[in-house]
Amino acid sequence: MMVVPLKTPPKDAETVNHKLLVQGGFVRQLMAGVYTYLPFGLRVLKKIENIVREEMDAIGGEEVLMPMLHPAEIWKTSGGWDSVDVLFKLKSRTGKDYALGQSQEEVVTPLTKEFVQSYRDLPRAVYHIQWKFRDELRAKSGILRGREFLMKDMYSFHTNQEDFEKFYEEAKQAYLKIFRRLGLTAKTTEASGGSFSEKVSYEFEVLTDAGEANILYCDSCDYCVNIDDINTFREGDTCPGCGKDTLKPSLAAEVGNIFDLGQKYVRAFDLSYIDADGQKKYPIMGCYGIGVTRTMGVIVEKYNDEKGIMWPDNIAPFKVHLIDLRQPEKSSEIYKGLLEAKIEVLLDDRDISPGEKFADADLIGCPFRVVISEKSLAQGGVEIKRRSERESKIVSQEELLNLIGE
Ligand code: ATP
Ligand code: MG
């Protein structure tokens with residue numbers, strides 16, 4: 001065990017994700033809204049990142065890594081230097097101005113310009129998974145609202161509105177798939193309220209009291225509406241999405257959103273192309289964000305009990321939490337066997353009481369707890385228990401691999 005969980009949660013923690021992630025040894029707060037990801041936390045973050053990456057690749061996204069440190073000029077070109085209130089600005093010792101990326105339209109648009117000359121070079125979708133900096137007035141709710149946070153942001157460029165809308169729908173479906181794979185049910189708001197004159201945009205909201213969005217949602221479909229933005233609907237109204245149910249109120253966390261950016265940035269940076277008819281034209285641009293660190297926090301808000309976190313199998317830091325109760329040789333043999341079978345396993349061979357080890361295993365929340373003790377060996381094997389279940393059982397070493405390998 002590289003990081004030992006804390007006996008008690010941090011005093012200033014108001015939300016479950018803050019409390020459990022710090023106590024369990026996943027993150028440490030450097031200051032409000034800024035966290036270190038410790039080995040367990042980093043493992044989880046990378047797994048979430050990879051699920052997001054797979055689904056972005058599946059719809060044709062090209063992954064790049066754009067810088068966090070930006071020259072002031074690009075933000076002046078777009079107008080964001082003066083209008084974006086959360087933009088962190090800094091000066092070099094020679095007096096030059098810079099900004100820390102709070103989003104990347106100002107980088108990706110001039111970048112894409114280098115690769116787009118003709119209509120044949122479009123459509124194109126570029127994304128990266130990179131830290132963002134925002135001068136949020138109130139960083140709060142653990143890793144849900146940070147001043148430094150990890151975001152997946154994708155930007156797409158199209159020759160016409162129809163092609164954009166087709167891709168936009170694919171991205172929406174990819175998002176719903178990502179959240180499903182992460183064990184979350186995301187409701188989608190149509191921020192434009194379904195009015196055709198406005199540009200389309202969707203927010204992806206997960207119901208949780210730790211969230212900041214006030215929504216009305218439907219139990220029978222994925223429809224929801226953000227009532228901070230739109231006041232057309234009331235609690236109890238029939239769901240405009242499916243017509244089958246009534247709208248109910250809830251707090252929610254926005255885990256992602258997608259926007260139609262129109263031609264704002266392509267015009268500002270003169271990203272144009274020559275169309276089939278020989279004319280110079282501007283593409284249509286869309287942007288697609290997912291708050292990767294916020295999503296990790298939301299998963300903790302959803303998957304926990306009074307003892308700790310209960311990670312979904314596919315994003316748990318380890319599949320197995322192996323507890324050695326003074327049987328070092330057998331434990332080491334089983335540990336090596338699991339590693340050979342490519343099963344991610346955490347070995348707790350500390351010289352502390354069984355009760356403390358069990359409490360830490362519940363807190364950290366790996367899907368399987370396996371205990372090797374004199375008693376289990378006398379009964380013919382090891383004791384295995386799923387984090388979500390109460391009862392444990394004794395299985396042989398062979399059975400263990402079969403059970404866990406599934
Ligand atoms: P919010 O309304 O929560 O401030 P936003 O509209 O500013 O979000 P975007 O700029 O579109 O969000 O960013 C894309 C995604 O990044 C959001 O959907 C959210 O999941 C995440 N995100 C935004 N701000 C933060 C933050 N301060 N900390 C953590 N994640 C964030
Ligand atoms: Mg914001």
Side-chain angles (χ1 to χ4, degrees), residues 15 17-18 21 27 29-35 37 41 45 48-49 52 56 68 75 78 80 83-88 99-108 127-156 168 171-172 174-176 178-179 182 184 186-192 199-208 210-215 224-230 251-261 264-265 285-302:
T15 41
N17 81 86
H18 187 179
L21 287 172
V27 304
Q29 185 175 286
L30 176 65
M31 59 180 176
V34 180
Y35 288 83
Y37 284 76
L45 194 59
I48 298 174
E49 220 184 282
V52 173
M56 291 299 100
M68 308 184 221
W75 286 92
S78 67
S83 65
V84 176
D85 51 4
V86 296
L87 190 66
F88 270 115
L100 293 179
Q102 63 89 33
S103 175
Q104 299 269 347
E105 284 83 354
E106 283 79 356
V107 177
V108 79
Y127 79 96
H128 71 166
I129 302 175
Q130 174 68 293
W131 294 89
K132 300 286 180 288
F133 298 86
R134 290 190 185 179
D135 189 0
E136 302 278 2
L137 282 182
R138 250 197 103 200
K140 58 176 194 176
S141 312
I143 60 171
L144 297 195
R145 182 170 298 283
R147 295 202 165 92
E148 177 181 309
F149 59 96
L150 190 60
M151 192 201 284
K152 183 284 301 174
D153 39 328
M154 180 164 76
Y155 306 87
S156 73
Y168 197 86
K172 181 185 172 186
Y175 269 36
L176 290 172
I178 288 168
F179 296 122
L182 294 173
L184 298 173
K187 303 279 179 188
T188 53
T189 67
E190 269 171 56
S192 64
K199 292 219 182 308
V200 226
S201 76
Y202 294 104
E203 289 168 9
F204 295 79
E205 303 276 359
V206 175
L207 308 189
T208 164
E212 294 174 53
N214 288 294
I215 65 161
C224 79
V225 57
N226 188 328
I227 50 181
D228 300 326
D229 301 334
I230 292 157
L251 279 166
E254 182 193 306
V255 285
N257 64 26
I258 57 190
F259 280 108
D260 178 351
L261 293 173
K264 175 175 184 241
Y265 293 94
M285 182 175 176
C287 76
Y288 315 77
I290 289 185
V292 180
T293 43
R294 179 180 289 180
T295 299
M296 176 170 161
V298 169
I299 293 168
V300 177
E301 294 289 334
K302 291 295 213 187

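Both ligands and their constituent atoms are indexed starting at 1 by order of listing.
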List by chain and number: which residues place a heavy atom under 4.0 Å from ligand 1? R134, E136, L144, R145, G146, F149, M151, E254, V255, G256, N257, G291, R294
Report the residue from N257, N226, T188 that forms a side-chain hydrogen bond (donor to acceptor under 3.5 Å, both in side chains) with E203. N226
Whether Y175 and F179 hold their rings parallel, tilted or perpendicular, with breakpoints at 30° and 60°: perpendicular
Keeping Y35 on the side-chain end and E148 on the backbone end, is there a donor-acceptor pair under 3.5 Å? no
Is the backbone N or O of V255 less than 3.5 Å from a side-chain atom of R294, with the two atoms forming a donor-acceptor pair by type? no
Determine yes or no for a side-chain-to-main-chain donor-acceptor pair under 3.5 angstrom, with D153 supplying the side chain and C287 the backbone. no
Checking the side chain of Q102 only, and the main-chain atoms of L87 only, is there a donor and an acceptor separated by less than 3.5 Å? no
